[in-house]
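Here, residue 1 is the first one in the sequence, and each next residue gets the next number.
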Amino acid sequence: MHILAQTLRDRLRGALIAAAATPMTASGEVDPDVAGRYLDSLVADGADALAVLAHTGRGPFLAPDVRAAVIGRAVATGVPVLVGVGGAAGGTAGSAAGEARTAAELGAAGVLVFPPPGDRLAWHETVWREAGLPMIAFDLYTRPCPPGAMRDLLAHPGVAGLKTALLSDAMGCQLALTLTRDAGRLAITGEDRMFAPSLLWGAEAALVGIAAAHVELTAGVLRAFAGSDLRAFRDASSRLDRLATATFTDPMEGYVQRMLWLAAAEGRIPASHAFDPYGPPLPAGERGTVLRSAGPPAGEPDS
């Protein structure tokens, strides 16, 4: 493993990496100041690192100048920043490498590489060769990684770890975590619906969209897991599971909108910027269901 990948692996071990949304208007406009205040709030409430422009952040849909502004605001928080690269319709390994070069110039610690069609190893090699930033491989539910390809990726010197986000495939998640640890890379859970089990299966860090709002809930589960109080871990996990059940559900791509609703209800973003124009329409009344699942904002007692 390259020393840069090793350094990132060690830096993120035990960390909660919030997969941040990108606050935007109904027409898709992004205000960097709104995004900056939102990212600051995630760090203040327990995120050890940030992943921006990834799946939750709708990175593949955003223009280069918008991407650069979001990266700059994330780096300004002072925590390690991972940037999602690739994933755009019709994108190439070269365009992903260009995004990674921009991320490096702006001070990102690493990149999260969207699963490409075709030869994943060649895609990662291009990103690594052109940008020189350590990479987190991404086993995403919309394009799961075959075991053979996963083994090849985990042998690449620039790969620091792998995030598994399969949502409903327990055996796939277990295999990915095992292969990652066996390769000496960082096993990262992105399993919002299997969060506590994935920790028990060997995940060493978390990079989750459910931490795009109510981040203290996810941080609480990680803290409890690191301790010795089984009841505290169970209780924290139950609270997080209640939120995940309401937010990570069919239509699954609607989770981004649901997390934006929560972020607005917490006061992290204005209601004018709590839209996901790239997600599916959601049923009337679902916003109320999602908000009730989270309970009162942090610091307020249950009624």
> Should Leu4 and Leu133 count as side-chain neighbours, where that means a heavy-atom distance under 4.5 Å?
Replying inline: no

> Under a 4.5 Å side-chain heavy-atom rule over Ile, Leu, Val, Met, Phe, Trp and Tyr, are Leu177 and Ile136 clustered together?
Replying inline: no

> Hey, is the main chain of Gly91 close enough, under 3.5 Å, to the side chain of Ser95 for a donor-acceptor pair?
Replying inline: no

> Is Asp33 salt-bridged to Arg73, cutoff N-O under 4.0 Å?
Replying inline: yes

> Is a donor on one side and an acceptor on the other found under 3.5 Å between the side chain of Glu99 and the backbone of Gly86?
Replying inline: yes

> Is the shortest distance from a Lys or Arg side-chain nitrogen in Asp10 or Arg13 to a carboxylate oxygen in the other one below 4.0 Å?
Replying inline: yes

> Closest approach of Leu262 and Ala213, non-hydrogen atoms and distance?
Replying inline: CB-CB, 3.7 Å

>> So, taking the atom named NE2 in His124 and the one named CE in Met135, what distance separates them when rounded to the nearest 0.5 Å?
In response: 6.0 Å

> What distance do Phe225 atom CZ and Leu200 atom CG have between them, rounded to the nearest 0.5 Å?
Replying inline: 5.5 Å

> Going through the distances and angles, do Leu243 and Leu217 end up as a side-chain contact (heavy atoms from CB on, under 4.5 Å)?
Replying inline: CA-CA 9 Å; Leu243 181 62; Leu217 287 178; 3.8 Å; yes

> Which atom pair, heavy atoms only, marks the closest approach of Ala274 to Ala264?
Replying inline: CB-CB, 3.8 Å

>> To check you understand the geometry: which heavy-atom pair defines the closest contact between Asp48 and Pro80, and what is its length?
In response: O-CD, 3.5 Å

> Stepwise, does the side-chain contact (heavy atoms from CB on, under 4.5 Å) test hold for Val221 with Leu16?
Replying inline: CA-CA 10 Å; Val221 178; Leu16 170 58; over 6 Å; no

> Any idea how His55 and Tyr255 line up, ring-wise: parallel (<30°), tilted (30 to 60°), or perpendicular (>60°)?
Replying inline: tilted

> Below 4.5 Å, heavy atoms only, C-beta onward: do Leu121 and Leu153 meet side chain to side chain?
Replying inline: yes

> Counting distance only, does the side-chain N/O of Arg193 pair as donor-acceptor with the main-chain N or O of Ser168 below 3.5 Å?
Replying inline: no

> Less than 4.0 Å between a side-chain N and a carboxylate O, is that true for Glu204 and Arg9?
Replying inline: no

>> Could you report the tightest heavy-atom contact between Val30 and Pro32, atom names first, then the distance?
In response: O-CD, 3.5 Å

>> Do Phe114 and Ile71 land in one hydrophobic cluster if side-chain heavy atoms of ILVMFWY residues count as linked below 4.5 Å?
In response: yes

>> Is the shortest side-chain heavy-atom distance between Arg185 and Met1 below 4.5 Å?
In response: yes

> Can you find a pair of side-chain heavy atoms, one from Phe138 and one from Val113, that are under 4.5 Å apart?
Replying inline: no

>> Side chains of Val70 and Arg67, heavy atoms from C-beta outward: is any pair under 4.5 Å?
In response: no

> Under the side-chain contact (heavy atoms from CB on, under 4.5 Å) criterion, do Arg181 and Trp201 qualify, and how do the steps go?
Replying inline: CA-CA 11 Å; Arg181 289 177 64 110; Trp201 296 334; over 6 Å; no

> When you measure from the side chain of Asp45 to the backbone N and O of Val215, does any donor-acceptor pair fall under 3.5 Å?
Replying inline: no

>> Donor-acceptor pair, distance only, cut-off 3.5 Å: does the side chain of Thr249 make one with the backbone of Ala246?
In response: no

> Which residues pass the side chain to side chain donor-acceptor pair (under 3.5 Å) test with Glu286, sequence neighbours left out?
Replying inline: Arg258

> Roughly how far, to the nearest 0.5 Å, is CG of Leu42 from CZ of Arg37?
Replying inline: 13.5 Å

>> Tell me if a side-chain donor or acceptor on Thr102 pairs with a main-chain N or O of Gly98 at a distance below 3.5 Å.
In response: yes

> How many angstroms lie between atom OG of Ser41 and atom CD1 of Ile269, to the nearest 0.5 angstrom?
Replying inline: 9.0 Å

>> Tell me whether the count of non-hydrogen atoms from other residues, nucleotides or ligands lying under 6.0 Å of CZ in Arg101 goes above 12.
In response: yes

>> Any salt bridge linking Asp276 with Arg58? Criterion: basic side-chain nitrogen under 4.0 Å from a carboxylate oxygen.
In response: yes

> What residues, two or more places apart in sequence or in another chain, satisfy side chain to side chain donor-acceptor pair (under 3.5 Å) together with Thr22?
Replying inline: none

> Does Pro115 offer a backbone N or O that forms a donor-acceptor pair with the side chain of Arg143 under 3.5 Å?
Replying inline: yes

>> Whether the side chain of Tyr38 engages the backbone of Ala21 through a donor-acceptor N/O pair (distance < 3.5 Å, no angle test) should be reported.
In response: yes

> Do Asp152 and Arg120 pass the salt bridge (Lys or Arg N to Asp or Glu O under 4.0 Å) test, and can you show the C-alpha distance, the side-chain angles, and the key distance before you say yes or no?
Replying inline: CA-CA 9 Å; Asp152 291 341; Arg120 299 186 189 219; over 6 Å; no

> Would Lys163 and Thr189 satisfy side-chain contact (heavy atoms from CB on, under 4.5 Å), going step by step from the backbone distance to the final call?
Replying inline: CA-CA 6 Å; Lys163 165 182 168 164; Thr189 180; over 6 Å; no

> Which atom names give the shortest non-hydrogen contact between Ala165 and Gly190, and what distance separates them?
Replying inline: CB-O, 3.7 Å

> Under 3.5 Å, is there a donor-acceptor pair between the Arg242 and Ser293 side chains?
Replying inline: no

>> Do Pro251 and Leu282 have side chains that approach each other closer than 4.5 Å (heavy atoms only, starting at C-beta)?
In response: yes

> Which atom pair, heavy atoms only, marks the closest approach of Ala96 to Val127?
Replying inline: CB-CG2, 4.0 Å

> Which distance, rounded to the nearest 0.5 Å, do you find between the CG of Leu166 and the CG of Asp139?
Replying inline: 4.5 Å

> Which of these, Leu39, Leu207, Ile17, sits in a side-chain contact (heavy atoms from CB on, under 4.5 Å) with Leu50?
Replying inline: Leu39

> Just wondering, do Met171 and Leu175 contact through their side chains at under 4.5 Å, heavy atoms?
Replying inline: no

>> Rounded at 0.5 Å granularity, tell me how far CD in Glu253 sits from CZ in Phe248.
In response: 10.0 Å

>> Are Phe233 and Leu199 packed together at the side-chain level, in the sense that at least one heavy-atom pair is separated by less than 4.5 angstrom?
In response: yes

>> Would a single hydrophobic cluster contain both Phe275 and Met259, if residues Ile, Leu, Val, Met, Phe, Trp and Tyr are joined by side-chain heavy-atom contacts under 4.5 Å?
In response: no

> Are Val208 and Met194 co-members of a hydrophobic cluster defined by side-chain heavy atoms under 4.5 Å apart?
Replying inline: no

>> Given 3.5 Å as the limit, does a donor-acceptor pair link the side chain of Glu191 with the main chain of Ala196, or not?
In response: no

